[in-house]
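The structure under discussion appears below in the form of structure tokens.
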Amino acid sequence: MSPTAPRGGGSRRQGGSGGRPAQGRGGRPGAAGKGGKALGAKGGGPGGRSGARGAARRMTDDIKPAPAPPRRGPAPVARGGDVHDPEGVRLQKFLAQAGAGSRRACEEMITAGRVTVDDQVVTELGVRIDPTRQVVHVDGLRFSIDDQLVYIMVNKPKGVVSTMFDEQDRLNLADMVGPREERLFHVGRLDLDTEGLILLTNDGALAHRLQHPSFGVQKTYLAEVRGPVKRELGRNLRAGVELEDGPVAVDSFRLVDSKPGYALVEVVLHEGRKHVVRRLLDAEGYPVLKLVRTQMGPLVLGDLKPGRNRRLTRGEVQQLMAAVGL
């Protein structure tokens, strides 16, 4: 008679490989507790302990943790320095208002590294600025929305005094623009008999730099003289002419037109001395019959008629500022 396993105490080694199923506690096959479901059915371990751990794990997996609050990163900064003003306006909005382009185009300028604020390159779209105290450039051109600054080009006629007031009650620059609330400065004085371009502005920094020789802003003049003009005139002027207050050299010279007894020449220089063009040509034997200033830096008189004036475009103001490093 073969031996049999004791009732209620089946060997754990047999598991399910022998003739009898594995028994749980209490002697019933596969019993796991209430409900009669074997904990080891999916747990894969004897006695149902692994199954219990698996069930617990599944329960905790179903519980989603609360989302963490969003982290606030540091304020956007420019490359090389912090120009962000949390109380300011977004840089792309400012640029769009200043006429640099659409909001989308301004964003592309920023991300491309074409925009600087206070000489710091800005590539972050979240940067805010204070336009009243910070300087913004795009590709080297300054942008501003300060409506209090005024820039007016005047074509001064012959016989008008290059001042904003004249004690002798002669025609002056104020008469060319009419009554204005702003106090305007004239940039580039012209003598009584000289015509042409004069800039009126209340931007003191720009006015100073345009007139100071160290910034090298060139002025272009057309002078009518007696002809014919000798070939060496241009060479002499470029080499320098000794005047009573020191030598003066022009930046460039060319003959524009020539007829019997008449010549029209163009003289470009950045000197600002009184009557300097007239004195230069007279020293070389060519007294000036008529003189007109046609250009100041990038600003061109164009077809503006004598006695008329117009406000500069935003682009012209930007070019002037770029010319003097503002």
Begin with the C-alpha distance, continue with both residues' side-chain angles, and end with the deciding distance and a verdict on salt bridge (Lys or Arg N to Asp or Glu O under 4.0 Å) for Arg310 and Glu316. CA-CA 12 Å; Arg310 68 169 177 85; Glu316 288 173 327; 2.8 Å; yes

So which atom in Phe94 and which in Phe143 form the shortest heavy-atom distance, rounded to 0.1 Å? CZ-O, 3.5 Å

Can you see which heavy atom on Arg183 is nearest to which on Asn202, and at what distance? O-CB, 3.4 Å

Do the side chains of Leu197 and Asn155 get nearer than 4.5 Å, heavy atoms only? no

I would like to know whether Leu280 and Val277 meet side-chain contact (heavy atoms from CB on, under 4.5 Å); could you show each step before the answer? CA-CA 5 Å; Leu280 274 173; Val277 176; 5.7 Å; no

Does Arg279 reach the main-chain N or O of Lys274 with its side chain, forming a donor-acceptor pair under 3.5 Å? yes

Val154 side chain reached by Val177 side chain, heavy atoms, under 4.5 Å: yes

Are Thr116 and Val122 packed together at the side-chain level, in the sense that at least one heavy-atom pair is separated by less than 4.5 angstrom? no

Do Val250 and Val225 belong to the same hydrophobic cluster, where Ile, Leu, Val, Met, Phe, Trp and Tyr are linked whenever their side-chain heavy atoms lie under 4.5 Å apart, directly or via other members? yes

Donor-acceptor pair between Asn236 and Glu284 side chains, under 3.5 angstrom: yes

Met176 side chain reached by Lys156 side chain, heavy atoms, under 4.5 Å: no

Indicate yes or no: at least one non-hydrogen side-chain atom of Val265 is less than 4.5 angstrom from one of Phe253. yes

NZ of Lys93 to CD of Glu107: how many Å apart, nearest 0.5 Å? 13.0 Å

Using the rule given for salt bridge (Lys or Arg N to Asp or Glu O under 4.0 Å), can you reason through Arg128 versus Asp85, listing the C-alpha separation, both sets of side-chain angles and the distance that settles it, and then say yes or no? CA-CA 5 Å; Arg128 293 176 177 267; Asp85 184 342; over 6 Å; no

When rounded to the nearest 0.5 angstrom, what is the spacing between CG in Asp203 and CG in Leu210? 9.0 Å

Straight-line distance of His275 NE2 to Leu243 CG, nearest 0.5 Å: 12.5 Å

Test your reading of the model: is there a side-chain donor-acceptor pair from Glu167 to the backbone of Asp169, 3.5 Å cut-off? no

Roughly how far, to the nearest 0.5 Å, is the CZ atom of Arg90 from the CZ atom of Arg103? 9.0 Å

Around Lys230, counting heavy atoms of other residues, nucleotides and ligands shown, do more than 12 lie under 6.0 Å from its NZ? yes

Leu192 vs Val160, test: side-chain contact (heavy atoms from CB on, under 4.5 Å). Steps then yes/no. CA-CA 6 Å; Leu192 193 65; Val160 174; 5.9 Å; no

Asp82 side chain to His84 backbone, donor-acceptor under 3.5 Å: yes

Neighbour count above 12 (heavy atom, 6.0 Å) for Asp303 CG: no

Ionic contact status for Arg238 with Asp251, cut-off 4.0 Å: no

Could you walk me through whether Asp193 and Leu291 pass the side-chain contact (heavy atoms from CB on, under 4.5 Å) test, one step at a time? CA-CA 8 Å; Asp193 293 330; Leu291 186 63; over 6 Å; no

As a test of understanding, state which of Val136, Val135, Leu95 forms a side-chain contact (heavy atoms from CB on, under 4.5 Å) with Ile129. Val136

Say you draw a straight line from CD of Glu195 to CG of Leu190; how long is it, rounded to the nearest 0.5 Å? 9.5 Å

May I have the step-by-step check of side-chain contact (heavy atoms from CB on, under 4.5 Å) for Val217 and Arg209, ending in yes or no? CA-CA 8 Å; Val217 178; Arg209 294 194 178 200; over 6 Å; no

Indicate, with yes or no, if Leu141 and Val117 share a hydrophobic cluster defined by side-chain heavy-atom contacts under 4.5 Å among Ile, Leu, Val, Met, Phe, Trp and Tyr. yes

Under 3.5 Å, is there a donor-acceptor pair between the Asp191 and Thr194 side chains? yes

pair Val83-Gln134: side-chain heavy atoms closer than 4.5 Å: yes

Is it true that, when you exclude Arg170 itself, more than 12 heavy atoms of the residues, nucleotides or ligands shown sit nearer than 6.0 Å to its CZ? yes

Inspect the surroundings of CD in Glu244 and state if more than 12 heavy atoms from other residues, nucleotides or ligands are less than 6.0 Å away. yes

Looking at Arg226, I want to see if its CZ is surrounded by more than 12 non-hydrogen atoms of other residues, nucleotides or ligands under 6.0 Å. no

Nearest heavy atoms of Ser162 and Arg189, plus distance in Å: O-NH1, 3.5 Å

With a 4.5 Å heavy-atom cut-off, do Lys305 and Arg308 have their side chains touching? yes

In Å and rounded to the nearest 0.5 Å, what is the OH to NZ distance from Tyr221 to Lys290? 16.0 Å

Can you give me the closest heavy-atom contact between Val187 and Gln211, atom names plus distance? CG1-CG, 3.6 Å

With a 4.5 Å cut-off on side-chain heavy-atom distances among I, L, V, M, F, W and Y, is there a chain of contacts connecting Leu320 to Leu149? yes

Within 6.0 Å of CD in Glu181, more than 12 heavy atoms from elsewhere: no

Least distance between heavy atoms, Ala96 atom then Cys106 atom: N-SG, 3.6 Å

Closest heavy-atom pair, Val89 versus Pro131, reported as atoms and distance to 0.1 Å, is CG2-CG, 4.0 Å

For Arg133, is the CZ atom crowded, meaning more than 12 foreign heavy atoms sit under 6.0 Å from it? yes

Report yes if the side chains of Leu91 and Val115 come closer than 4.5 Å at any heavy-atom pair, otherwise no. yes

Do Leu281 and Tyr262 belong to the same hydrophobic cluster, where Ile, Leu, Val, Met, Phe, Trp and Tyr are linked whenever their side-chain heavy atoms lie under 4.5 Å apart, directly or via other members? no

In terms of hydrophobic clustering (I, L, V, M, F, W, Y; side-chain heavy atoms under 4.5 Å; direct or indirect links), are Leu173 and Phe185 co-clustered? no

